[in-house]
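Everything below concerns the one structure shown next.
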Amino acid sequence: MDLMLSDTQEMIRDGARRFLADSLDADTVREVEASADGVHAEIWAQMAELGWTALALPDDIGGGGAGLADLCVLAEELGRAAASTPLVATAGFAAAFLRAVEPTAATRDLLSRLAASDAVITPALADVVGRDERSAPSSVLTETDAGATIAGAKAMVPYASVAQVLLVSLTTPDGEAAVVAVDRDAAGVSWARHGATGGDPLFHVEFDNVDVPADAVLARGPAAQRAIDAGLDAATILATAEAVGCCEAMIRLGSEYASNRQQFGRVIGSYQAVAHRLADMRINTDACRLLVAETAWLLDQGREATLEVAGTKVFANEVMVDMVHAAHTVHGAIGYTTEYDLQLYTRRARAFCLSHGDTDAQTERAAVALGL
Amino acid sequence: MDLMLSDTQEMIRDGARRFLADSLDADTVREVEASADGVHAEIWAQMAELGWTALALPDDIGGGGAGLADLCVLAEELGRAAASTPLVATAGFAAAFLRAVEPTAATRDLLSRLAASDAVITPALADVVGRDERSAPSSVLTETDAGATIAGAKAMVPYASVAQVLLVSLTTPDGEAAVVAVDRDAAGVSWARHGATGGDPLFHVEFDNVDVPADAVLARGPAAQRAIDAGLDAATILATAEAVGCCEAMIRLGSEYASNRQQFGRVIGSYQAVAHRLADMRINTDACRLLVAETAWLLDQGREATLEVAGTKVFANEVMVDMVHAAHTVHGAIGYTTEYDLQLYTRRARAFCLSHGDTDAQTERAAVALGL
Amino acid sequence: MEFEFPAEAERFRAELRAFMDAELPEWWKGLFHDDDRIYPFTREFCMKLAERDWLTMSWPVEHGGVDADVWSQMVVREEMWAAGEPRGPQYMSLNYIGPMLMEFGTADQQERFLKPMAAGEVMWCQGFSEPEAGSDLAALSTKATDADGCFLVNGQKIWTSYATAADWCLLLCRTDPGERKHQGLSMLLVDMNTPGITVRPIDSMGGPKEFNEVFFDDVEVPYDCLVGPRGDGWRVAMSTLAHERVGAALHARVKVLLDALIEYAITTKDENGQPLAMRPSVRSGLVRLQARYRAARLLCYRIVSAMAAGDANDVDPAVSKVFSSELNILIGNIGLDMVGARGQLTTGDGCAPLDGLMNDHWVHSIPQPIAMGTNEIQRNIIAQRGLGLPR
Amino acid sequence: MEFEFPAEAERFRAELRAFMDAELPEWWKGLFHDDDRIYPFTREFCMKLAERDWLTMSWPVEHGGVDADVWSQMVVREEMWAAGEPRGPQYMSLNYIGPMLMEFGTADQQERFLKPMAAGEVMWCQGFSEPEAGSDLAALSTKATDADGCFLVNGQKIWTSYATAADWCLLLCRTDPGERKHQGLSMLLVDMNTPGITVRPIDSMGGPKEFNEVFFDDVEVPYDCLVGPRGDGWRVAMSTLAHERVGAALHARVKVLLDALIEYAITTKDENGQPLAMRPSVRSGLVRLQARYRAARLLCYRIVSAMAAGDANDVDPAVSKVFSSELNILIGNIGLDMVGARGQLTTGDGCAPLDGLMNDHWVHSIPQPIAMGTNEIQRNIIAQRGLGLPR
């Protein structure tokens, strides 16, 4: 038992913090949010160059040989800086998904592109009419002589405009689940950005009878579902680590503001109504971080961790909703303005609570895992 | 729309407050709790003499002609004084139940005994193996040539040792619900007191083939269920009014303590951690009281009020659990001692949250009433 | 006790609703949204209300009102707030700036300012808060000094809603030295077209139109625009703020959202054809909200009942404000969880449930515990004035 | 990072559990219950632990310990707390009174006092709090004045657990004047059999044995019972309290309750034959508790990890204490709601679910946010030392 960061993790943390301090200030975050793609392409490219995006892939395929727990340290730093990158989609979902399916030439190829950090691969799971990523898709995969054709539309696809490959969940005519790797530039694929409050750019993606080769079908049936779950679990934990970073930023901003703002002749941080709210934010943020770390470690060990992933998400959802409002309370009106940085983090934290499995969905997964 | 107490209500409140201040101090409450019957018989007798227990019965049968809303004002005062009386059982459940069933000579007789304030009539609903008052009983009613026989056992029967009549819910051999008025002194009825944390004495009551006359069967089938619901609704609201009184006492004790206790050279009530907790108790207690008043008024108007009764209970359960711990927090260690009065109220408030329909049961009733 | 509106108030509500159904355009979503049509529309709408004697109905007849009873006034507050306050800034004129003038203004001031308010022709804004004077309002430093036959105002106000559209500003500033910080303040009426006034909008999470900074640089304000005694502005302001707090019917918006959520839960089915209403979290969430809505409504009505009975106090409005603003936060969060992942999509996005209603409400609910006196200040009031706790 | 106990610590846990299963009598329900067998049993139990080198295993060999690693110590804390602390008051001797003597005691004092502690033969109590000195401990007024070759102690302590059974008392009192209130304090070791000591039990919600008042009336304490420098007792006390906070494994009891609730939910059926585990509120309640249990456990382990890495701080124990004590409150309340109306019945009542376990825990959880430094004080520590906020 050792809950201190490892040397590697400290190195990742310090390196990422330095790098982001140099390359991403809050005004740049605002520019990125207003841009068409909604992504900080340069930071992503530099992270790729530094080997960070491939950090958690096995070294035998050219990855960094580290674990999800290490990647979470990086994700927390991205959260602290409100950086929008496809880390969760690519190094989280795609990497875990591709490692969970039956290896083929196609999956090996995709994994080596991830290891070489030269592809953004993003999940396209939730159908336009469905509730979330785990709802059975109505988008259809039909086999053809040349391979297969897919038709349908997906919502909430992260980073679609900068992706090279989409991992699309589909239903076959006989009701089986399937996941297909679709070239984002294939004929028939079109996308439009959603209006959304969080940090990740989300897209509505249409598949108008898109033809794919037979080997693009990466998984079918229960195996497809298991691989999706593996991908979502990794993405959930990584996203929670990012959200922990957002909370750290909320605490930092709140503590600074409360240490300087005076009312009634006293610094407001000396009022318990303010100080204790910040203390509670500290407590819950620490709790979230430790849950993330333990869960990532379990996943790195190859253990069954549905209970831990789902439970961590349920806890994070509950406490982060409170923290968002606590942070605004500490700041008063200034925190509501777009000129001030708080909203960059509170919008992300609130969107996080709705994403990656909401409380209902994760509660049910955890309850089953608990034996209930 | 007028949310101020009526003149009658102010009279009831002031009279009850004076009466209880004179006749019931905290040490007497402790004595009552330790007594075999667990009831303040004298206060009950005096309340009967003052006409308070029959206050909400129609004047044409000799009652006070007032409403449940007026009785709630009295109940709140009882709660403030931690008085243990069968008001909720008798003037709450029994009165509303008896007015909801088909009138017969037997019900008229029972009602006139209530109006004359010379009987304690108490519900015996929850079977020993059931979850609560609304669970279908396994205790059995069998018809005989001479009337009927009942066999089974009930748990959580309030004030059984001082009751004259028990209103017992039963199931007939063909699965129908029935409610029978049982003379508490009838052969075959025996009782033993539960160990319990709240203020009302609760009893385990056995019915060992108790013979009752035919007219003791007061209701059957859906009519029996409706009358039980009417009784429980009145009892629930009255019990909530008592619990509001407990909260008022918690606020009073907490405010006094926080205004006098000094630590670090300051009165602790000047710390926001203390002051704001008490303020929240004030807010939630006021909210509960208004919900009780409106709901009682609706019931007095003969309106359908399942949503309001159940919603009020759900809200009260939620906020009172918090208030109990807030009150203990304000007081520190002293509040945990039995010498100090706080525990008289916090035990009652917590037991209230478990009684009269728990959150699950009342949430489901309210949800159906909301159209969900 | 009586828990129903008087019959005539309910008749009036029906009439008012019919009027609003007819008058509110399709595009209207509430006051604080990014749409240039909003302020012109509110002016037009207020003039129509004024034509029907509904704008300042609570005012005495002599000032252009109809002496309406308190429950009809409550009907107006509820219906307007439920609809996103289509009166725009003018709710301030009729709720508290007008009454303040009736209490403290000269006959000339009343003649000059009340008429246009009653006609719905004028928009006011409130210049109280400053960067260094938020909860601690009395710490304000905007100064009005004596110049040639007028005040010369210098300083800065902040969080001034409606300042871009307003014709006049109710300005609390410092005219005289005082031993304590709430002495020496005065209340001025300032024409927003006076040279030297600069308005800088502050973009907020709720959109670009919600707040402003207002800078005063040698702004000349005639002496006859001083309301109430010079140096006694704190008392005028406190009376004004007391009126402001009574005016809020924050529960009315909750009712609109609750109805929308209930309907959504009943009509929305998951892929198994099961309505959302069958989800346990939805059932318990809506039940909790419904009970709290009732409580918020009653806590608000209690203030009005007490006023009508001549028994008003400072604590009940504080209780009501904390409860209602926190309920607005709660319904935003429960509502977002109910609609699920797509709740984060904004109004106008084809995939946004309820066209982004819950997300829009969530954002706009954020400042509610902060506005109109933070909930922390309200809790201080409850503790000190309600429970007798020491400062 | 590493999230498993070392294999030898887990082996030790299995051994310890087997020992406890064999040793804990049927009637044992935990420390604070109304049963005269409790203290004699804890003494016997501690002597058996001592025989196995398990009582003071964390101590250095020279003082009767075995220099056990931090994770084996955590195993002891968890297993003991899970079982209702069958070591009785002696957890204090080994967790912090002994270590305090090792840090501040003379060689003679160490020789005299540590041996009996290591043998499990002696019970200590802690005389710190006073009626007017709770959170504000430094305000204490119990005085030790100089008499004929000894101190003469006069004053009163309160909330002194175990005082009726204790052989010795660790007494913080005022020996000298000081400019500030935490100056002039000294730490004394007081034989509870000294004439002039009166113990008055204070009945509590948790039973008649939980607290006491201790009165000191001209109690003679030899000078050689002063620990640490005279007048520097505050520093000794603070070091002691820091050890106390590390010792708490409040999450271990939560795990016992959680397991009991899960089993109860799975095995208890309603009248329709549906297990309680199918109720949505039970599912979500248990899931919330399970995640929080994990977090509480990790927050506790973080303190130990940091100590092991030589990187301890004041804030982590405060974080852990607030979180774990509130979780104990939460599981009491969720558990009571789960078992339903009969949760209010007490242990021994035939109708009480889980034989009153949840009710018993609920009562005993009430003081947890208050004990060992109130959660308000802990939040002050987090805000001031952790976040740098001003006092």
Side-chain angles (χ1 to χ4, degrees), chain A residues 1-6 9 67 69-70 251-252 254-256 258-259 266-270 272 274-284 286-291 293-298 301 307-308 310-316 318 359-360 362-372, chain D residues 1-6 9 70-71 74 258 262-263 265-266 275-280 282-284 286-299 301-306 308-309 311 315-316 318-320 322-323 326 375-376 378-384 386-391:
Chain A
M1 190 70 66
D2 177 12
L3 276 59
M4 309 304 280
L5 290 187
S6 69
Q9 290 171 334
D70 305 310
I251 293 171
R252 175 180 58 77
S255 301
E256 282 170 14
S259 297
R266 278 168 65 183
V267 169
I268 64 167
S270 69
Q272 286 180 329
V274 172
H276 287 193
R277 270 215 177 76
L278 284 164
D280 282 331
M281 291 170 71
R282 166 85 287 148
I283 293 168
N284 284 323
D286 284 5
C288 277
R289 177 187 298 103
L290 289 170
L291 289 176
E294 185 188 39
T295 308
W297 182 87
L298 288 169
Q301 306 288 309
L307 175 62
E308 287 78 8
T312 298
K313 187 62 169 61
V314 168
F315 177 78
E318 185 180 337
T359 298
D360 271 6
Q362 298 287 20
T363 296
E364 195 44 34
R365 294 181 76 219
V368 171
L370 256 186
L372 303 178
Chain D
M1 286 178 138
E2 164 80 32
F3 289 87
E4 274 176 328
F5 273 72
V70 292
W71 298 110
M74 180 55 76
L258 185 57
I262 291 173
E263 199 202 325
I266 293 172
L276 203 58
M278 296 311 288
R279 286 193 173 216
V282 169
R283 298 173 87 74
S284 76
L286 291 174
V287 164
R288 289 179 66 209
L289 290 171
Q290 209 275 341
R292 284 180 137 76
Y293 160 68
R294 279 177 61 216
R297 180 172 173 266
L298 295 172
L299 287 168
Y301 293 174
R302 181 172 65 161
I303 305 168
V304 176
S305 287
D311 198 16
V315 178
D316 290 356
V319 168
S320 171
V322 174
F323 193 90
E326 293 193 343
N375 285 5
E376 286 64 48
Q378 307 300 329
R379 287 190 174 91
N380 285 348
I381 291 172
I382 297 166
Q384 290 159 17
L387 303 176
L389 296 183
R391 270 176 178 278

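No experiment lies behind these values; they were computed from the predicted model shown. First the proteins, then the strands, lettered A, B, ... as listed; each starts at 1.
Interatomic distance, CD of D/Q290 versus CD of A/E308, reported as 6.5 Å (0.5 Å rounding). With rounding to the nearest 0.5 Å, the separation of CG in A/L370 from CD1 in D/I262 is 4.5 Å. Atoms OG and CD, from D/S284 and A/E318 in turn, are 9.5 Å apart once rounded to the nearest 0.5 Å. Here OG1 of A/T295 is found 8.5 Å from CG of D/L298. Values are rounded to the nearest 0.5 Å. For the atom pair CH2 (D/W71) and CG (A/D2), the distance works out to 7.5 Å, reported to the nearest 0.5 Å.
Heavy atoms closer than 4.5 Å to chain D are found in the side chain of A/N284, but not in its backbone. Heavy atoms closer than 4.5 Å to chain D are found in the side chain of A/I251, but not in its backbone. Only the side chain of A/Q272 has a heavy atom closer than 4.5 Å to any heavy atom of chain D. For A/Q9, the part lying near chain D is the side chain, with the backbone staying farther off; criterion is any non-hydrogen pair under 4.5 Å. In this structure, no portion of A/A69 lies under 4.5 Å from any heavy atom of chain D. The part of D/I266 that comes within reach of chain A is its side chain, from C-beta onward, which places non-hydrogen atoms under 4.5 angstrom from that chain.
Taking D/E4 as the reference, A/W297, A/R303, D/E2 meet the side-chain contact (heavy atoms from CB on, under 4.5 Å) condition, with sequence neighbours excluded. Under the side-chain contact (heavy atoms from CB on, under 4.5 Å) criterion, D/Q384 pairs with D/N380, D/R391, not counting sequence neighbours.
Each of D/A277, D/A291, D/P390 has some count of heavy-atom pairs under 4.5 Å with chain A, and the biggest count is that of D/P390. Of the listed residues (A/T312, A/D360, A/D280), the one with the most heavy-atom contacts under 4.5 Å to chain D is A/D280. Chain D forms more heavy-atom pairs under 4.5 Å with one residue of A/S6, A/G311, A/A293 than with any other, namely A/A293. Comparing A/A369, A/G371, A/C288, A/A279 by heavy-atom pairs within less than 4.5 Å of chain D, the highest count is held by A/A279. Ranked by heavy-atom pairs under 4.5 Å with chain A, the first of D/S305, D/A309, D/G388 is D/S305. Taking A/E294, A/R289, A/M281, A/M4 one by one and counting their heavy-atom pairs under 4.5 Å with chain D, the maximum is reached by A/E294. Top candidate by heavy-atom pairs under 4.5 Å with chain A, chosen from D/R294, D/M278, D/R288, D/R302, is D/R294.
At most 12 heavy atoms of other shown residues, nucleotides or ligands fall within 6.0 angstrom of atom CD in D/E263.
The two residues A/R282 and D/I382 make their nearest non-hydrogen contact at CG-CG2, 3.5 Å. Minimum heavy-atom separation, D/F323 to A/A287: CE1-CB, 4.0 Å. In plain terms, the two heavy atoms of A/A258 and D/L389 that are nearest each other are CB-CD2, 4.0 Å.
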Let me see the working for A/L290 and D/Y301 under side chain to side chain contact (heavy atoms under 4.5 Å, CB included), right down to the final yes or no.
-> CA-CA 10 Å; A/L290 289 170; D/Y301 293 174; over 6 Å; no
Pair D/M1-A/M1, side chain to side chain contact (heavy atoms under 4.5 Å, CB included): steps then yes or no | CA-CA 7 Å; D/M1 286 178 138; A/M1 190 70 66; over 6 Å; no
Give the C-alpha distance, both sets of side-chain angles, the deciding distance and a yes or no for side chain to side chain contact (heavy atoms under 4.5 Å, CB included) between D/R283 and A/V368.
-> CA-CA 9 Å; D/R283 298 173 87 74; A/V368 171; 3.7 Å; yes
